[in-house]
Novice: 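Below is the structure I would like to discuss, written out as structure tokens.
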Amino acid sequence: VDVHPQAGRKLLRDGIKEEATSPVAHLQKDQNGFHFLFSSKIVAMAAPGVLILGCVFLLPCCQPKKKDAHSGDSQMDLTAMDLSSSFEGSSHLEKVSASPWRHALPSPSPSRYPPPSPNRSRHPPPSPRYAMSPRLDRFGSVHLNFSQIAKATHNFSSSFKIGEGGFGTVYKAQLPGGQWIAVKRAKKEHFDSSEFTSEVEILSKIEHLKLVRLLGYVDKGNERLIVTEYVSNGTLREHLDGVRDKILDFKQRLEIAIDIAHGLAYLHLYSEKKIIHRDVKSSNILINENLKAKVADFGFARVGPADGDQTHISTKVKGTVGYLDPEYMKTYQLTPKSDVYSYGILLLEILTGRRPVEPKRPIDERVTIRWAITSYNEGDMLRLVDPLMNERVDAEILDKIFCLAFQCAAPGRADRPDMKSVGEQLWAIRMEYQRTTRSG
Ligand SMILES: Nc1ncnc2c1ncn2[C@@H]1O[C@H](COP(=O)(O)OP(=O)(O)OP(=O)(O)O)[C@@H](O)[C@H]1O
């Protein structure tokens, strides 16, 4: 894919002007100046998205790529056949909500398309490109072989294990020079998946403070390891769950939202090639000791459409339930706006503390975006704010940030802002927040 970054930026800048007239911009203020009324358009806009979101939970042919028992996230890898058959007769959101979605997902279907190739060995010979752990041409990169990494992790000892994903187990390790690293070791059953190659290829193209840094990798024999910087303070989801020392306050949440927006804007607009993450979610956001956020886990990432005539790439649907762009699910057309949708859902999660889907809540609260839009329409915005936050935030500021989340999560990609505009809007909100806290 040939990308012309300059042309792409111009194209996207032009896009922002159109998006400035999106439905959320037409919200009306009431006499108090605190509450806004939704235009009927946003409700109409949200409804199909929620419906599609609902359809996902019922998908009879969806194959959860993995289930994370702790977070409740369920990653999806859907094919065209999976989707077309699953949309039939699965339109009642209530039905979905009535059964906890993570249990509603069946085990892998034998009718999966494309069927696995019978000739495929479970342990294919390593790609010659990655036969050696190469030296990456970047500051701080490490040049380690398998036995050095095995030594640093005390032979992948469980006491060095820091996490487990669908693709592999993650360990932390300290190098002889003192540097801490994270090592993702692929599970054997993923040796023939494209995730390793994809993650390494994408990570080696990018370098940004808000994206987890690739330091090296090993692809040799029966081992596939990805070495990245170690981010020491857990995931955003853990912080929202209150399992880390302190509950994040509003300012910290706003800064984290800005960090993520910057990381995604870089991927979409400023990296050498346009990159779509495809799995933006709170458990893929790592937090450091200064409460700065970094976007991690590029296993599903794809190089996006080249600039020029190409508006999207057509590809099977991958992502995590609850964060998946409904338009991408319907059309299999992937654009950076799919990440914007996931970001909108994530922003709502940051503000409310709630996961995108909360199966144990009352029926009308189970799909967080639907509950949030309904509550907002009823003028009950304060109800949406994470009760753990326990602080007063100016209603106008809350209003702006909730509207931004709703706009990002618009069902149609044309109604969503791009990540650059999201970052700019969050900056403006931050300035206003600083003004109100100084004057208050
Ligand atoms: N660079 C890192 N620094 C610190 N902790 C990390 C790092 N990378 C991953 N982790 C920890 O390991 C866990 C698993 O990470 P990983 O990216 O494999 O999985 P995931 O995002 O939960 O799942 P999947 O890869 O299937 O999307 C994370 O949730 C996090 O707690």
Side-chain angles (χ1 to χ4, degrees), residues 63-77 102 105 140-142 149 152-153 156 158-175 179-191 193-200 202-203 206-217 224-241 243-244 259-260 263 276-302 318-324 339 342 346 349 355-356:
Q63 297 178 50
K65 178 178 152 259
K66 69 170 186 197
K67 289 177 193 176
D68 175 345
H70 181 66
S71 71
D73 290 342
S74 193
Q75 266 185 342
M76 294 266 149
D77 183 344
R102 62 175 119 165
L105 295 166
S141 68
V142 293
I149 295 174
T153 56
F156 301 99
S158 55
S159 54
F160 283 75
K161 182 175 158 182
I162 50 173
E164 178 103 45
F167 174 75
T169 309
V170 185
Y171 300 85
K172 70 173 180 179
Q174 194 171 25
L175 300 179
Q179 182 185 6
W180 282 97
I181 56 169
V183 179
K184 196 189 268 192
R185 186 186 198 193
K187 291 176 187 160
K188 301 265 181 289
E189 63 264 33
H190 287 290
F191 276 13
S193 84
S194 60
E195 244 182 84
F196 176 84
T197 326
S198 165
E199 186 153 6
V200 166
I202 300 277
L203 276 172
I206 56 179
E207 204 162 5
H208 190 274
L209 198 62
K210 306 303 176 195
L211 306 174
V212 78
R213 259 166 74 86
L214 177 71
L215 299 176
Y217 54 90
R224 280 153 181 69
L225 309 174
I226 296 179
V227 180
T228 58
E229 66 176 306
Y230 172 63
V231 187
S232 62
N233 203 2
T235 67
L236 173 57
R237 191 57 249 178
E238 288 166 355
H239 283 267
L240 295 173
D241 283 337
V243 299
R244 295 271 155 184
D259 287 344
I260 305 165
I276 305 169
H277 185 283
R278 277 210 293 185
D279 204 15
V280 175
K281 59 177 175 179
S282 56
S283 59
N284 280 341
I285 306 300
L286 299 177
I287 306 292
N288 74 10
E289 61 288 357
N290 301 319
L291 297 178
K292 298 285 173 212
K294 285 175 191 270
V295 180
D297 198 352
F298 286 76
F300 281 172
R302 279 286 305 257
K318 285 188 180 189
T320 297
V321 170
Y323 297 90
L324 265 168
D339 282 349
S342 310
L346 175 61
E349 190 175 354
R355 291 180 164 78

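When a residue number appears, it is its place in the shown sequence, counting from 1. Start at 1 and go down the list; that is how both ligands and their atoms are numbered.
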Novice: Return yes or no for this condition: an N or O of Val231 is under 3.5 Å from an N or O of ligand 1.
Specialist: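 Looking only at distances, the answer is yes, because the N/O contact criterion of under 3.5 Å is met.
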Novice: What atoms of ligand 1 come closer than 4.0 angstrom to any heavy atom of Thr235?
Specialist: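 What qualifies from ligand 1 is 29 (O), 30 (C), 31 (O).
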Novice: Under 4.0 Å from any heavy atom of Tyr230, which atoms of ligand 1 are there?
Specialist: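 Once the distances to Tyr230 are compared, the set is 3 (N), 4 (C).
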Novice: Please say whether Glu238 places an N or O atom under 3.5 Å from an N or O atom belonging to ligand 1.
Specialist: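 Among all N and O atoms of Glu238, none is under 3.5 Å from an N or O of ligand 1.
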Novice: Between Val170 and ligand 1, does any nitrogen or oxygen pair lie at a separation below 3.5 Å?
Specialist: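 Min N/O separation from ligand 1 is not below 3.5 Å for Val170.
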Novice: What closest approach, in Å, do Phe156 and Tyr171 show between heavy atoms, and which atom pair accounts for it?
Specialist: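 Between these two residues, the closest heavy atoms are O-CE2, 3.4 Å.
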Novice: Can you name the atoms of ligand 1, numbered from 1 with element, that are less than 4.0 Å from a heavy atom of Phe167?
Specialist: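 In order of numbering, the contacting atoms are 26 (O).
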Novice: Heavy-atom distances under 4.0 Å decide this one: backbone, side chain, both or neither, for Glu164 against ligand 1?
Specialist: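 For Glu164, only backbone atoms sit under 4.0 Å from ligand 1.
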Novice: Could you give the distance from CZ (Phe167) to CD (Glu199), rounded to the nearest 0.5 Å?
Specialist: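 The distance works out to 6.5 Å.
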Novice: Which heavy atom of Ile260 sits nearest a heavy atom of Val295, and at what distance?
Specialist: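 Result for this residue pair: CG2-CG2, 4.1 Å.
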Novice: Tell me the closest heavy-atom pair linking Leu225 and Arg185, and the distance in Å.
Specialist: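 The answer is CD2-CG, 3.4 Å.
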Novice: Sequence neighbours left out, what passes side chain to side chain contact (heavy atoms under 4.5 Å, CB included) with Ala173? Give chain and number order.
Specialist: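 Side chain to side chain contact (heavy atoms under 4.5 Å, CB included) list for Ala173, sorted by chain: Ala152, Thr153, Ile181.
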Novice: Would you say Asn284 and ligand 1 have an N/O pair spaced under 3.5 Å apart?
Specialist: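 Checking ligand 1 against Asn284, an N or O pair does fall under 3.5 Å apart.
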Novice: With atoms numbered from 1 as shown, which atoms in ligand 1 lie under 4.0 angstrom from a non-hydrogen atom of Thr228?
Specialist: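 The atoms of ligand 1 under 4.0 Å from a heavy atom of Thr228 are 1 (N).
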Novice: Does Glu229, backbone or side chain, put an N or O under 3.5 Å from an N or O of ligand 1?
Specialist: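 The answer is yes, given that Glu229 and ligand 1 share an N or O pair closer than 3.5 Å.
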Novice: Looking at Ala182, which atoms of ligand 1 are within less than 4.0 Å of one of its heavy atoms?
Specialist: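 Selected atoms, number and element: 1 (N), 2 (C), 3 (N).
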Novice: Quick check for you: to the nearest 0.5 Å, what is the distance between Ser198 atom OG and Arg278 atom CZ?
Specialist: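 Going from OG on Ser198 over to CZ on Arg278, the span is 7.5 Å.
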Novice: Which value, rounded to the nearest 0.5 Å, describes the distance between Thr235 atom OG1 and Asp297 atom CG?
Specialist: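 If we round to the nearest 0.5 Å, Thr235:OG1 and Asp297:CG are 11.5 Å apart.
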Novice: Does ligand 1 come near enough to Asp297 that some N or O of the ligand is less than 3.5 Å from an N or O of the residue?
Specialist: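 Between Asp297 and ligand 1 (N or O atoms, distance only) the closest approach is under 3.5 Å.
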Novice: Of all heavy-atom pairs between Lys318 and Leu324, which one has the smallest distance, and what is that distance?
Specialist: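 Here Lys318 and Leu324 meet closest at O-CD2, 3.5 Å.
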Novice: Are His277 and Phe298 close enough that their ring centres sit under 6.0 Å apart?
Specialist: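 Aromatic pair counts; centres sit under 6.0 Å.
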Novice: Pull out every atom of ligand 1 sitting under 4.0 Å from any heavy atom of Ile162, numbered as shown with elements.
Specialist: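 This gives 4 (C), 5 (N), 6 (C), 31 (O) as the contact atoms.
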Novice: Going by the atom numbers of ligand 1, which of them fall below 4.0 Å from some non-hydrogen atom of Gly166?
Specialist: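 Taking each heavy atom of Gly166 in turn, ligand 1 has 23 (O), 24 (P), 26 (O) under 4.0 Å.
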